[in-house]
Amino acid sequence: MIYFDNAATGGRKPDSVLSAVHAALQQCANPGRSGHKLSVGCACVVQHARQALSDFFDGYGFERTVFTKNCTEALNLAIFSALRGGGHAVTTCMEHNSVLRPLEHLRQTGKADYSVAPLQTDGTLCPQTVASLVRPDTKAVIVTAASNVTGASPDLAAVRAALPDRVLLLCDGAQACGHLPLSMKKTGLDALCVAGHKGMHAIQGAGALLFSDRFEVEPLLFGGTGSESFDLGMPPFYPDRLESGTLNFPAIVSLLEGTLYAKLKMESDAAHILRLSEILCDGLRSNARLRLLSRPNACGIVAFVHREKQSEEVAALLSEKFSVAVRGGLHCAPLMHRALGTGDDGAVRASLSAFNTREEVSVLVRAMRRI
């Protein structure tokens, strides 16, 4: 099957990632929970993974790099911590439900409020529009690094520059990490939430939260950490404070290897994906029955709608008759679809990876002509 659903999860992993996971499963101990050599060895690998992620994203050290099961958990940690004690947040209509639902929960329970920045008429996000929604009680702004619907990337540095210094800037990096260069310090990010299983080449179950030295993140889970065990409260230091329970060692190993792979290949892979997205956009644009929602982008996300068929019907036809995997529907981003005028039915999303080829893209273009 031709796999164009990489924005949901990466379909093919580098050989180095697969080998590392296999080795971890063959001899896996609980990192940081015992004193024997296997446990200590696993803890050293976890430490290496923290440092590699912090270095890759120009973060604030291994202590402020914590592992989560996915980007959603990382976003929940960041959002609930930023709005601890109440207050106001600003987000955008580009966001995934992993941002919108925590904010809506806080609003419905009377614990915090939020405002949503709209897109401009050209479909881009204006940093000044975001900043205009900041109130005296605004504690955080949450912005995606790349839309999971269209692949569009806001100018995060410009957003930061437009905000008061006191306001935290949190970033959903699910679709951008591994595809686009992201420097926390240069951009001014206070939190970067990472999905390991997409552009970072890791397996499912691998996520991370990186946060700045002016952002104090509070735990959502409470339990064993292997440290300070006589204290019935959570340890006061990071990363232990935020990592209750046994870590997903095979997933962390895969994220380590994926990070090392991305460090070597991200620039060339991004150029290849950008070119594939250009070819796909050109091919779909020439089809009068389609409306293209995306512009070429290095995240490889190309969304479109059929003027006569529902998006999920098109996705089913591509799967059943042409053996092409795409995704139809709302992609957990309802406000973005409302802004695009596709709120009723969503869109078909083809999401490319560096392992895809021009020939595979041509198959999708021809299939859409037949449909």
Side-chain angles (χ1 to χ4, degrees), residues 28-36 39-40 42-47 49-51 53-54 59-87 89 96-112 114 139-140 142 168 170-174 190-197 202-253 255:
C28 181
N30 201 324
R33 294 300 195 273
S34 303
H36 56 75
S39 176
V40 172
C42 289
C44 289
V45 173
V46 171
Q47 172 72 3
R50 291 190 206 281
Q51 192 62 58
L53 276 171
S54 181
Y60 290 81
F62 70 87
E63 302 97 331
R64 289 177 176 264
T65 302
V66 300
F67 294 109
T68 60
K69 65 177 179 291
N70 47 42
C71 192
T72 297
E73 183 182 350
L75 282 163
N76 274 256
L77 272 167
I79 291 169
F80 284 114
S81 292
L83 295 174
R84 183 174 61 254
H96 190 274
N97 274 341
S98 297
V99 171
L100 299 175
R101 283 179 170 171
L103 291 174
E104 185 62 21
H105 170 76
L106 289 169
R107 170 186 280 174
Q108 290 184 7
T109 55
K111 296 177 181 177
Y114 69 100
K139 292 183 176 180
I142 308 106
L168 298 170
L170 318 180
C171 178
D172 175 1
D190 290 293
L192 177 61
C193 302
V194 181
H197 62 108
I203 64 173
Q204 293 161 335
L209 170 64
L210 291 80
F211 54 103
S212 74
D213 52 14
R214 70 178 195 146
F215 184 19
E216 295 306 306
V217 181
E218 291 298 313
L220 290 178
L221 298 176
F222 298 81
T225 61
S227 59
E228 304 289 329
S229 294
F230 277 114
D231 186 352
L232 296 184
M234 291 298 290
F237 49 86
Y238 303 121
D240 296 39
R241 184 166 180 77
L242 303 177
E243 290 182 348
S244 294
T246 296
L247 294 173
N248 188 341
F249 184 67
I252 292 171
V253 168
L255 186 51

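Values reported hereafter were calculated over all heavy atoms of this structure, with side chains retained and with hydrogens, waters and symmetry mates removed.
- Between E218 and R241, at least one side-chain N (NZ, or NE/NH1/NH2) sits under 4.0 Å from a carboxylate O, which counts as a salt bridge.
- Inter-residue side-chain proximity for L77 and F211 is flagged as unmet; no heavy-atom pair is nearer than 4.5 Å.
- For the pair V46 and F249, the minimum side-chain heavy-atom distance is below 4.5 Å.
- For the pair Y60 (side chain) and R214 (backbone), a donor-acceptor distance under 3.5 Å is absent.
- Judged purely by atom type and a 3.5 angstrom limit, N30 has no side-chain atom pairing as donor or acceptor with the backbone of R33.
- Checked for salt-bridge contact, E104 and R101 miss the test: no charged N lies under 4.0 Å from a carboxylate O.
- The backbone N or O of E73 lies less than 3.5 Å from a partner atom in the side chain of N70, making a donor-acceptor pair.
- Between L103 and I142, some side-chain heavy-atom pair lies under the 4.5 Å cut-off.
- The backbone N or O of G86 sits less than 3.5 Å from a side-chain atom of K139, completing a donor-acceptor pair.
- Here the side chains of F62 and S54 are not in contact, with every heavy-atom distance at 4.5 Å or above.
- Taking the side chain as every heavy atom from C-beta outward, F237 and S227 approach each other to under 4.5 Å.
- The shortest distance between side-chain heavy atoms of V253 and V45 falls below 4.5 Å.
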